[in-house]
Amino acid sequence: MHRYVGEMGLLLPDRRHVRFSVLDFWGNREDNDIPLDKLVPPFKDVRPKEIQRIASQLLFPLNVTGDRQYYLSIQAGNILEPQVLFSILKGEYDPKQTPDQQQGFVQQMAAADLNSKSTRTVSQQQQQ
């Protein structure tokens with residue numbers, strides 16, 4: 001049933017796939033590489049205040065077309081590049097842009113009073 005995302009990473013060099021690392025019942029790591037166009041962006045067309053509410057939950061669902069539903073936590077762990085993460089979750093990520101060019105959304109979120117506690121995590125380093 002592997003559904004809780006322990007680590008989410010953007011795969012290089014093409015930056016068109018994300019890797020969801022999940023653990024199975026026995027604690028074995030499973031890496032699932034997902035094309036960005038299959039990820040249903042949970043924050044698409046959602047107002048910043050509503051995003052703040054969703055992101056403050058311990059877990060929120062991420063749907064993948066043709067695959068299963070995953071659960072992501074922004075509350076626990078570290079986000080290494082919040083502007084990239086939020087642009088992916090809004091469906092606005094452009095692999096041709098650098099992370100610096102995608103900062104507009106993070107600035108919108110800061111203006112909407114998204115506290116630093118609810119902008120933590122997505123990339124927890126899990127070692128085997």
Side-chain angles (χ1 to χ4, degrees):
M1 196 149 103
H2 326 126
R3 298 182 350 156
Y4 172 73
V5 177
E7 183 176 341
M8 177 180 165
L10 191 60
L11 298 180
L12 300 175
D14 71 347
R15 300 172 3 163
R16 296 181 189 280
H17 291 78
V18 291
R19 174 170 289 162
F20 289 162
S21 295
V22 297
L23 297 178
D24 68 12
F25 177 78
W26 303 106
N28 299 311
R29 181 176 173 155
E30 177 184 306
D31 291 332
N32 300 298
D33 297 345
I34 298 164
L36 285 173
D37 61 351
K38 298 286 185 185
L39 182 66
V40 179
F43 297 163
K44 186 173 183 150
D45 300 324
V46 176
R47 293 178 161 190
K49 287 281 188 189
E50 182 64 10
I51 292 173
Q52 180 180 358
R53 186 192 66 74
I54 295 168
S56 69
Q57 297 174 0
L58 182 58
L59 296 170
F60 65 90
L62 281 174
N63 295 310
V64 177
T65 304
D67 196 0
R68 59 189 147 208
Q69 184 178 63
Y70 294 86
Y71 287 93
L72 186 66
S73 174
I74 296 183
Q75 293 286 324
N78 294 319
I79 297 176
L80 301 179
E81 295 186 45
Q83 60 275 17
V84 173
L85 171 67
F86 284 108
S87 67
I88 289 170
L89 297 178
K90 281 201 58 116
E92 298 173 352
Y93 179 73
D94 181 356
K96 297 174 187 161
Q97 289 185 334
T98 65
D100 292 336
Q101 294 171 312
Q102 299 188 26
Q103 283 187 340
F105 179 69
V106 173
Q107 291 168 350
Q108 280 180 349
M109 293 303 296
D113 242 353
L114 182 63
N115 65 35
S116 63
K117 182 178 180 183
S118 64
T119 58
R120 280 193 231 150
T121 187
V122 165
S123 181
Q124 292 178 320
Q125 294 296 328
Q126 296 178 358
Q127 298 184 10
Q128 288 182 267

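Quick note: numbers below take in every heavy atom, side chains included, and nothing from hydrogens, waters or symmetry partners.
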Consider only side-chain heavy atoms of I, L, V, M, F, W and Y, link residues closer than 4.5 Å, and tell whether [X] and [Y] are in one cluster.
X   : Y   : value
V18 : I79 : yes
L72 : L36 : yes
L58 : Y71 : yes
Y93 : V64 : yes

Quiz item: With sequence neighbours left out, what residues match D37 under side-chain contact (heavy atoms from CB on, under 4.5 Å)?
Solution: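 Result, side-chain contact (heavy atoms from CB on, under 4.5 Å) vs D37: P35.
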Practice prompt. For side chain to side chain contact (heavy atoms under 4.5 Å, CB included), just list the numbers for F20 and L39, CA-CA rounded to whole Å, side-chain angles, deciding distance to a tenth of an Å, and then say yes or no.
Written response: CA-CA 11 Å; F20 289 162; L39 182 66; 4.0 Å; yes
| message | Quick check: closest heavy atoms across P42 and P61, and the distance to 0.1 Å? | response |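 Minimum heavy-atom contact is CB-O, 4.1 Å.
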- I88 versus P41, closest heavy-atom pair with distance: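 For I88 versus P41, the nearest heavy atoms are O-CB, 3.9 Å.
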If I take atom [atom1] from residue [X] and atom [atom2] from residue [Y], how far apart are they, to the nearest 0.5 angstrom?
X   : Y   : atom1 : atom2 : result
L11 : R19 : CG    : CZ    : 5.0 Å
K38 : H17 : NZ    : NE2   : 10.0 Å
D45 : E50 : CG    : CD    : 13.0 Å

Quick one: does any side-chain atom of Q57 pair with a main-chain N or O of S73 as donor and acceptor, under 3.5 Å?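 Pair absent, no side-chain N/O of Q57 close to backbone of S73.
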- prompt: Taking Q75 for the side chain and L59 for the main chain, is one N or O donor matched with an acceptor at less than 3.5 Å?
  reply: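 The answer is no, because no donor-acceptor pair under 3.5 Å joins these two groups.
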Quiz item: Among F43, Y4, Y70, which residue meets the ring pair (Phe, Tyr, Trp, His ring centres under 6.0 Å) test with F60?
Solution: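 Single ring pair (Phe, Tyr, Trp, His ring centres under 6.0 Å) partner of F60 among F43, Y4, Y70: F43.
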Partners passing salt bridge (charged side-chain N to carboxylate O under 4.0 Å, His left out) against R16 (at least two apart in sequence or in another chain) =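 If we apply the salt bridge (charged side-chain N to carboxylate O under 4.0 Å, His left out) test to R16, skipping adjacent residues, there are no hits.
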* Asked: Which is it for L62 and L89 under the side chain to side chain contact (heavy atoms under 4.5 Å, CB included) test, yes or no, and what are the steps along the way?
  -> CA-CA 9 Å; L62 281 174; L89 297 178; 3.7 Å; yes
Given side chains that start at C-beta, do those of R29 and L23 come closer than 4.5 Å, heavy atoms only?
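Answer yes - side chains close enough.
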Decide, yes or no, whether a salt bridge links E81 with R15 under the criterion of side-chain N to carboxylate O below 4.0 Å.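 No, no charged N to carboxylate O under 4.0 Å.
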